[in-house]
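One structure is given here, and the rest of the page talks about it.
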Amino acid sequence: MRQLQYKLKTEPIRINIVETDDDLDGFIEFVRNNQTIAFDTETTGLLIYANTFKIRVAQFSNASESWVIPVERSVKWSWLAANALLRAKQLIIQNAAFDIPVVVRHWGLDMRELFEKTIDTKILAKLVDSRSVDAGGTGDSLEDLTAHYIDKTTAAEIKGLATAEAKRLKIKKDEYFTKVSIRDHNYLLYAGMDPILTYRLWKILGKLVPSSARQLIGFEHEVQRVCTEVSHRGYLLDLAYAKKLSSKLRATETRNVNVARSYGIENVNSDAEVIDALRYYGWFNIPVSEKGNESVNGDLLQALQGSGYKDLAKLGKAIQEATRARKWRNTWVDTFIHTADAEGYCHPSINTLQARTGRMSITGIPAQTLPAGEASIRLCFLAEEGHVSLSTDYQAQELRVLAALSQDPVMLDAFKRGLDLHQVTADAAGVTRKAGKGTNFAVVFGGGVNAIVTQFGVERTDAEKTYKAFKETYLGVAAYSRRLSNQAKRQGYIVTPSGRKLLIDPDRPYSATNAAVQSTARDVTCRGLLRLDKEGFTPYIRLPIHDEIVFSVPAEHEEYAARRTNELMQEEMAGLMISTEAEAMGRSWGSLYEDPDSNRKYVLDS
DNA sequence: TCGTGACGCACC
DNA sequence: AAACGGTGCGTCACGA
């Protein structure tokens, strides 16, 4: 058997590499003697559901001894590794949302069984400090956490490994994990070290989770399990439609690129070229970015179209349409086509605790950033055969949460009476609903008059008037914001009602209100998600998106599903109902967005 | 040839 | 007195 040594600071680490069947006895004994085991895999990439995806190595560790099983070399070894997972009483994994679906898909293990005995160090780390490294926090990757909690040198070696090794082996970095020899010393050494570090992080982080947040540990693991099940099941792609849309977008791009070319612009994405051309045609009003660079943006292209100069208008429109068509194709449609699995399902990656407020992020199907109120992209996704799409979302979720948290009597009363809060704010200032709405949102975001003007396009005098009226009308919100802001100043953090500790930047204490609202709103959605799960809805969930959950439900039960998802998702918070609305239509997700008046079948308020 | 910063643009 | 919160992704430009 091959053994490697590593020195973690001063402590010797032993890494055992299985090379022949004779080496397995030691591994079996290790599994028998260690009820709690840290687990990790090395794979050929990150796209778990791609045809070419393979598990290369499986690693099992305690604090100082690691077993590396090159499962790629033997079905029997894969089987033994799978069995080790079944035998373990407790698994410690860094980012179980990756490794568990990997072994479920490739070794046929049961997802729920694995999640139920897993502690994810990434979840623990997020509950200790949810900030990214850029924001002054610990980050949540194994490397960043190792650097912060264990040892900087080790972290640097791991972080630099793939780059350095790719260079040494004269291959691209992306190819390293696929092409490196399964017997490569460094590859095996660092594969062996990963679960050692994970195990040690578990020991350290377990003690650091604040007492207020301890109740969230179980909750967050449940949320992760449900979301990983959703991701694992995937969302059915309408491949024929997607391909048609892709060529349509390509045609639009080509047509408009040719127009731009006739004005001397080869690359519509190059700001420098576009600006040169505009100057040539007599347009000198070029926006300047925050860093002082001239740049092309939507406002400029819009201004050209309204300029009254035929050529400039034509050029502005062409550039806008070309770049949009290209972006839509690259970002959405072609990505869906290329990442769909063999059965035609796309698998969103759901990071249940991505943002510092705890908000989720969804990549793969970047569901959170699809064009709003626009059907064509969502028409790529279908409910199952015989099913329809159902979307249930919270109504004015963040504003209701703000009302509940602040207990502002005017806001609470307005919601309880079913009034339109944007109009209530507008009326208090005698301005348009648009100004009222902008002000409501700006305040939730922690902004002031400037935010209302620049973000929501409100006249400055109206913005000033409405902002003032907001403060005078919702005295409870103002008091709540002061309270939170003072707390953040005094102790550097706030604690949300669920017990989540949110560290607030000392130079931005006013952001505490937004942090509390955003984080609590996220908790509302996640609690709803768990109630849905408990009642067996998980197989029908396709995507959670901030304040909304998208389902595929059997057509004959759509009315029941609409009613029941409403009942399960809504919840009362400090006397105010955070209510929902369910909407069902055709088979495609996009059908919820097209022709809303004529085709809508069910719209049920909670 | 890569990784990264800056930017714009999608969203809640 | 005033304060723009949280994300992901594609592209270009630039420097190692």
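Letters A, B, ... are given to chains in the order of the sequence lines, protein chains preceding strands, and every chain is numbered from 1.
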Revision key, fill the gap. Ordered by number, residues from residues 312-325 of chain A within less than 4.0 Å of DNA chain C (heavy atoms) are none
Check your understanding: Of the residues in residues 349-359 of chain A, which ones touch DNA chain C at a heavy-atom distance under 4.0 Å?
Key -> Q354(A), A355(A), R356(A), R359(A)
What is the nucleic acid contact for [X], judged by heavy atoms within less than 4.0 Å: base, sugar-phosphate only, or nothing?
{"X": "I545(A)", "value": "nothing"}
{"X": "T454(A)", "value": "base"}
{"X": "V296(A)", "value": "sugar-phosphate"}
{"X": "N267(A)", "value": "sugar-phosphate"}

Review point. Using the ring of each side chain (for Trp, its six-membered ring), is F441(A) parallel, tilted or perpendicular to H422(A), with breaks at 30° and 60°?
Key: tilted
Listed partners of [X] passing side-chain contact (heavy atoms from CB on, under 4.5 Å), at least two apart:
{"X": "R482(A)", "value": "A478(A), A479(A)"}
{"X": "S247(A)", "value": "none"}
{"X": "N351(A)", "value": "K122(A), Q354(A), S361(A)"}

Exercise for review: Using a strict cut-off of less than 4.0 Å between a Lys/Arg side-chain nitrogen and an Asp/Glu carboxylate oxygen, indicate whether E398(A) and R359(A) qualify as a salt bridge.
Suggested key: yes
Practice item. Decide, yes or no, whether a salt bridge links R356(A) with D505(A) under the criterion of side-chain N to carboxylate O below 4.0 Å. Key: yes
Practice item. Identify the 5'-most and 3'-most nucleotides of DNA chain C with at least one atom closer than 4.0 Å to a non-hydrogen atom of chain A. Key: dA3(C) to dA13(C)
Please table the atom pairs, donor to acceptor, closer than 3.5 Å between any side-chain atom in residues 367-382 of chain A and protein atoms at least two apart or in another chain.
unit_1  : atom_1 : unit_2  : atom_2 : d
Q368(A) : OE1    : I362(A) : N      : 3.3
Q368(A) : NE2    : M360(A) : O      : 3.0
T369(A) : OG1    : P366(A) : O      : 3.2
E374(A) : OE1    : S376(A) : N      : 3.0
E374(A) : OE1    : S376(A) : OG     : 2.9
E374(A) : OE2    : S376(A) : OG     : 3.1
R378(A) : NE     : Y593(A) : OH     : 3.3
R378(A) : NH1    : P371(A) : O      : 2.7
R378(A) : NH1    : E374(A) : O      : 3.2

Side-chain donor-acceptor contacts of residues 461-475 of chain A below 3.5 Å, not counting sequence neighbours, with atom names and distances?
unit_1  : atom_1 : unit_2  : atom_2 : d
T466(A) : OG1    : D462(A) : O      : 2.4
T473(A) : OG1    : A469(A) : O      : 2.6
Y474(A) : OH     : T425(A) : OG1    : 2.7

Review point. If each of Q518(A) and Y510(A) is mapped to the nucleotide of DNA chain C with the nearest heavy atom, which maps nearer the 5' terminus, i.e. the 5' end?
Key: Y510(A)
Point to revise | Results of salt bridge (Lys or Arg N to Asp or Glu O under 4.0 Å) for E273(A) - residues two or more places apart only | key: none
**Study point:** Euclidean distance for C1', dC11(B) against dC4(C) (whole angstrom)
**Key:** 15 Å
Study note, to complete from the structure: Residues S307(A) and W283(A): closest non-hydrogen pair is CB-CZ3, 3.6 Å
Check your understanding: Do H347(A) and Y235(A) have their ring centres less than 6.0 Å from each other?
Key -> no
Exercise for review: Mind jotting down which residue pairs meet the salt bridge (Lys or Arg N to Asp or Glu O under 4.0 Å) criterion with at least one end in residues 246-255 of chain A? Sequence neighbours excluded, please.
Suggested key: E253(A)-R329(A)
Practice item. Go through the structure and list residues passing side-chain hydrogen bond (donor to acceptor under 3.5 Å, both in side chains) with Q455(A), not counting sequence neighbours. Key: none
Practice item. Anything under 4.0 Å to a heavy atom of chain A counts; send over the first and last such nucleotide of DNA chain B, read 5' to 3'. Key: dC2(B) to dC12(B)
